[in-house]
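Below is one structure, written out as structure tokens; the observations come after it.
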Amino acid sequence: MKVYEATAEDIPVIYDLANRIWKVHYPAIISMEQIDYMLEKMYSKAALEEQLNTGHRFFILTTDEHPAGYLSYSHNGDGAYFLHKLYVDTGYHQKGMGRYLLNEVFDKIPTIKTLRLTVNRKNYTAINFYFKMGFIIEEVKDFDIGNGYEMNDFVMLKNYTS
């Protein structure tokens, strides 16, 4: 396994991974219409370029030179970070790759104090993964994402200072 920081040239790789992962994982949680809407909103070339240009850092996980997952985060100041995306292709689940990707990126940030994320309240696989990684549920929150759709999430927190 290898992790490398993505650039604008990697946008097609991130887009392909997102489409593949989301269309397998999320139909049990949200409608296909919402999946398509969210993929366009968050993973179009323009959306990914904007994220890269506004401080989001993306990392791609490869195994045997094949893209297997990705992660993105931003720094909110004073040791606070926000994990925007962490996805591993479903064919690679239960192999320690999500743990490896998360640790590989955040263990190298000496200034990290806290890491927050949002996760769909019905995404039990991800919630359990985050619990195992030391996160706690900080709050329950609903986000209006437009087009009549909401994200019904937990905000989760991991403290790196305790």
Side-chain angles (χ1 to χ4, degrees), residues 5-8 10-61 67-90 92-93 97-99 101-102 105-106 109 111-160:
E5 187 161 3
T7 67
D10 295 301
I11 286 174
V13 174
I14 297 165
Y15 178 82
D16 288 344
L17 277 166
N19 269 282
R20 189 167 61 241
I21 294 166
W22 279 56
K23 289 182 177 178
V24 170
H25 182 75
Y26 280 111
I29 299 171
I30 57 178
S31 71
M32 190 55 79
E33 292 79 16
Q34 184 171 347
I35 292 167
D36 290 338
Y37 173 77
M38 292 177 74
L39 284 170
E40 179 61 29
K41 183 177 179 72
M42 297 186 298
Y43 290 98
S44 68
K45 183 176 189 262
L48 288 169
E49 284 175 346
E50 181 180 341
Q51 291 167 49
L52 281 166
N53 291 332
T54 57
H56 291 221
R57 294 181 68 186
F58 281 80
F59 294 82
I60 296 175
L61 170 71
Y70 61 96
L71 172 155
S72 81
Y73 74 85
S74 60
H75 182 220
N76 299 335
D78 196 31
Y81 290 79
F82 191 87
L83 179 63
H84 296 278
K85 301 166 180 21
L86 173 58
Y87 293 96
V88 173
D89 195 329
T90 54
Y92 296 106
H93 282 191
M97 292 186 175
R99 175 182 301 274
L101 179 56
L102 191 66
V105 172
F106 290 102
I109 302 174
T111 60
I112 191 168
K113 293 179 185 172
T114 60
L115 179 60
R116 281 187 175 75
L117 60 89
T118 57
V119 59
N120 185 293
R121 294 193 298 262
K122 293 182 182 175
N123 193 347
Y124 307 120
T125 302
I127 293 165
N128 286 329
F129 167 77
Y130 291 125
F131 281 147
K132 288 177 188 171
M133 294 301 295
F135 287 82
I136 61 166
I137 294 174
E138 185 176 40
E139 65 180 303
V140 176
K141 202 157 185 182
D142 296 325
F143 300 92
D144 181 348
I145 58 169
N147 212 36
Y149 297 117
E150 274 193 346
M151 292 189 333
N152 309 116
D153 290 350
F154 288 128
V155 177
M156 297 186 78
L157 167 71
K158 180 173 181 175
N159 259 319
Y160 283 83

Problem - Interatomic distance, Ile136 atom CD1 to Leu157 atom CG [nearest 0.5 angstrom] - result: 5.0 Å
Handout entry: Polar side chain donor-acceptor pair, Thr90 to His25, under 3.5 angstrom
Key = no
Problem - Side-chain donor or acceptor of Gln34 paired with backbone N/O of Gly148 under 3.5 Å - result: no
Exercise for the section: Enter the distance from Leu48:CG to Tyr15:OH here, rounded to the nearest 0.5 Å. Expected result: 9.5 Å
Problem - Under 3.5 Å donor-acceptor, Gln51 side chain and Ala47 backbone - result: yes
Fill in the blank from the handout: Correct closest heavy-atom pair for Asn120 and Ile127 would be O-CD1, 3.5 Å
Practice task
Please confirm whether the backbone N or O of Val155 pairs with a side-chain atom of Lys141, one donor and one acceptor, at under 3.5 Å?
Solution key: no
Practice task
Taking the side chain as every heavy atom from C-beta outward, state whether Tyr87 and Leu17 have any atom pair closer than 4.5 Å.
Solution key: no
Handout entry: Rounded distance [0.5 Å steps], CZ in Phe59 versus CG in Leu101
Key = 9.0 Å
Handout entry: Min side-chain heavy-atom separation Lys23-Leu39 under 4.5 Å
Key = yes
Practice task
Check whether any side-chain heavy atom of Leu117 lies under 4.5 Å from a side-chain heavy atom of Tyr73, and answer yes or no.
Solution key: no
Practice task
Please say whether more than 12 non-hydrogen atoms of neighbouring residues, nucleotides or ligands are located less than 6.0 Å from CD in Glu50.
Solution key: no
Exercise for the section: Measure up the Trp22 and Tyr26 rings against each other and bin them: parallel (under 30°), tilted (30 to 60°), perpendicular (over 60°). Expected result: tilted
Handout entry: Any donor-acceptor N/O pair, Asn147 side chain to Tyr149 backbone, under 3.5 Å
Key = no
Handout entry: Side-chain touch Asn19/Tyr43, heavy atoms, less than 4.5 angstrom
Key = no
Completion exercise
For His75 and Ala80 the tightest heavy-atom approach is CD2-O, 3.3 Å
Handout entry: Any Phe106 side-chain heavy atom under 4.5 Å of Leu71 side chain
Key = yes
Fill in the blank from the handout: All heavy atoms of Glu5 vs all of Asp10, minimum pair found to be O-OD2, 4.3 Å
Handout entry: Test item: Ile14 and Lys85 side chains (from C-beta on) under 4.5 Å apart, heavy atoms
Key = no
Exercise for the section: Would you give the length of the straight line joining atom NZ of Lys122 to atom CD1 of Ile29, rounded to the nearest 0.5 angstrom? Expected result: 9.0 Å
Handout entry: Minimum side-chain heavy-atom gap Ile21-Tyr70 below 4.5 Å
Key = yes
Exercise for the section: Measure across Gly134 and Lys158 and return the closest heavy-atom pair with its distance rounded to 0.1 Å. Expected result: O-CG, 3.9 Å
Handout entry: Side-chain heavy atoms of Phe129 within contact of Leu86, under 4.5 Å
Key = yes
Exercise for the section: Of all the heavy-atom pairs spanning Met38 and Ile30, show the shortest one and how long it is. Expected result: SD-CD1, 3.9 Å
Handout entry: Sequence-distant partners of Ile137, side-chain contact (heavy atoms from CB on, under 4.5 Å), two or more places apart
Key = Phe131, Phe154, Met156
Exercise for the section: Would you give the length of the straight line joining atom OG1 of Thr111 to atom CG of Asp78, rounded to the nearest 0.5 angstrom? Expected result: 9.5 Å
Problem - Arg116 side, atom CZ; Asn159 side, atom CG - distance, nearest 0.5 Å - result: 8.0 Å
